[in-house]
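Both counts, for ligands and for their atoms, begin at 1 and track the order of listing.
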Amino acid sequence: MAQINPSILSADFARLAEEAKAVEGADWLHVDVMDNHFVPNLTLGVPIVEALSKATGTPLDCHLMIEDADRWAPQYVEAGAGSVTFHAEAAAAPVRLAREIRAKGARASMALKPATPIEPYEDLLPELDMLLIMTVEPGFGGQAFLDIMLPKIRRTRELISKHGLELWLQVDGGVSATTIERCAEAGADVFVAGSAVYGADDPAEAVRALRAQADAVTASAPWACGH
Ligand code: DX5
Ligand code: ZN
């Protein structure tokens, strides 16, 4: 079944606990951490992740858009994140870092910016619980979905199948009612949606509707056999 992870980047930062409650049926809450260096935007850090993890029962999917991920990522596990995603472009030792995140008890995930290919990371995939393919340039919510990422999603799904891995494939950026089916058809099974969820009149209903759309596609997808 498809997982929908609302991004709180599009929520009201002054009411994060209530905003988490507004999407209680969501699988994970996607938390975008930006440091104003790796991306030209600044959001939140460890103290807010720690407070949010205590305030909601929904597990936190922390997407770290920060430099020096090797140094900071483990702290997000300690702060209560159930999944920690570092960027391939920001990690000096991704294998060591993924192992450290797992050893501390969270799911380890790696993200690729639009111009970063998947192929150099093929041998590293067994070290990960999730791979995130960015479908916009990271930094801001509400950007247009990059269709040119679909072949990369497809190739990544093929690599996952080829190696028989239990690896989740996440897409993030511009995912909405008009683009989610294309992503699901290409092989994504975890969908981040910011403006499409928090911009809706009923965020919980938006989560259900997106999940239904993705499920309808994956039900007939060859790669989803056995899911
Ligand atoms: C962008 C963030 C996304 C963002 C997505 O850098 O990583 O998680 O919140 O927002 P939408 O769904 O509005 O594109
Ligand atoms: Zn994100």
Problem - V192 versus S7, closest heavy-atom pair with distance - result: CG1-CB, 3.8 Å

Exercise for the section: Answer yes or no: is there an ion pair linking R182 with E185, defined by an N-O contact shorter than 4.0 Å? Expected result: no

Problem - Which of the ligand 1 atoms, numbered from 1, are nearer than 4.0 Å to a heavy atom of P138 - result: 6 (O)

Practice task
Could you tell me the residue and atom name of the protein heavy atom closest to atom 10 (O) of ligand 1, and the distance to it rounded to 0.1 Å?
Solution key: G141 CA, 3.5 Å

Exercise for the section: Answer yes or no: is there a donor N or O on one side and an acceptor on the other, between the side chain of S10 and the main chain of S195, under 3.5 Å? Expected result: yes

Exercise for the section: Tell me which N, O or S atom of D32 sits nearest to the Zn ion (ligand 2). Expected result: OD1

Exercise for the section: Check ligand 1 against M65 and write out every atom of the ligand that is under 4.0 Å from a heavy-atom position of the residue. Expected result: 6 (O), 7 (O)

Completion exercise
G139 heavy atoms within 4.0 Å reach ligand 1 at atoms 1 (C), 6 (O)

Exercise for the section: Starting from the Zn ion (ligand 2), look over the N/O/S atoms of H63 and name the nearest one. Expected result: ND1

Completion exercise
Among N, O or S atoms, H30 approaches the Zn ion (ligand 2) most closely through NE2

Completion exercise
Scanning both residues in full, the closest heavy-atom pair of A193 with L210 reads CB-CD1, 3.9 Å

Problem - Side chain proximity check, E122 to H163, heavy atoms < 4.5 angstrom - result: yes

Practice task
Evaluate the side-chain proximity of Y121 to T116: yes if any heavy-atom separation is below 4.5 Å, no if none is.
Solution key: yes

Completion exercise
closest protein heavy atom to atom 9 (O) of ligand 1 is S7 OG, 2.8 Å

Handout entry: Identity of the nearest option to atom 5 (C) of ligand 1, non-hydrogen atoms only, from D172, T179, L9
Key = D172

Completion exercise
H30 heavy atoms within 4.0 Å reach ligand 1 at atoms 8 (O)

Practice task
Compare every heavy atom of P138 with every heavy atom of M65, then report the nearest pair and how far apart it is.
Solution key: SD-CB, 3.6 Å

Exercise for the section: Go through ligand 1 atom by atom and flag the ones less than 4.0 Å from a non-hydrogen atom of G142. Expected result: 10 (O), 11 (P), 13 (O), 14 (O)

Handout entry: Nearest protein heavy atom with distance in Å, relative to atom 1 (C) of ligand 1
Key = F140 O, 3.5 Å

Handout entry: Donor-acceptor pair, side chain of T135 and main chain of L146, under 3.5 angstrom
Key = no

Problem - Side-chain donor-acceptor pair present, D32, H30, cut-off under 3.5 Å - result: yes

Handout entry: Ligand-side contact atoms (ligand 1) for residue partner H63, heavy atom cut-off under 4.0 Å
Key = 7 (O)

Exercise for the section: Could you walk me through whether E18 and K21 pass the salt bridge (charged side-chain N to carboxylate O under 4.0 Å, His left out) test, one step at a time? Expected result: CA-CA 5 Å; E18 289 162 58; K21 203 168 243 132; over 6 Å; no

Exercise for the section: Under 4.0 Å, heavy atoms only, figure out whether ligand 1 is touched by the backbone of A193, its side chain, both or neither. Expected result: backbone

Handout entry: V192 neighbourhood, listing ligand 1 atoms whose heavy-atom distance to it stays under 4.0 Å
Key = 8 (O)

Practice task
Return yes or no for this condition: an N or O of Q143 is under 3.5 Å from an N or O of ligand 1.
Solution key: no

Exercise for the section: Report yes or no: does G173 have a heavy atom closer than 4.0 Å to ligand 1? Expected result: yes

Practice task
Could you tell me whether the side chain of N36 and the main chain of L42 form a donor-acceptor pair under 3.5 Å?
Solution key: no

Exercise for the section: Examine distances only and state if a side-chain atom of D129 and a backbone atom of A108 form a donor-acceptor pair shorter than 3.5 Å. Expected result: yes

Practice task
From atom 12 (O) of ligand 1, work out which of G194, G199, G174 has a heavy atom at the shortest distance.
Solution key: G194

Handout entry: Shortest-distance N/O/S atom, D172 versus the Zn ion (ligand 2)
Key = OD2

Completion exercise
The atoms of ligand 1 lying under 4.0 Å from a heavy atom of S195, numbered in the order shown, are 11 (P), 12 (O), 13 (O)

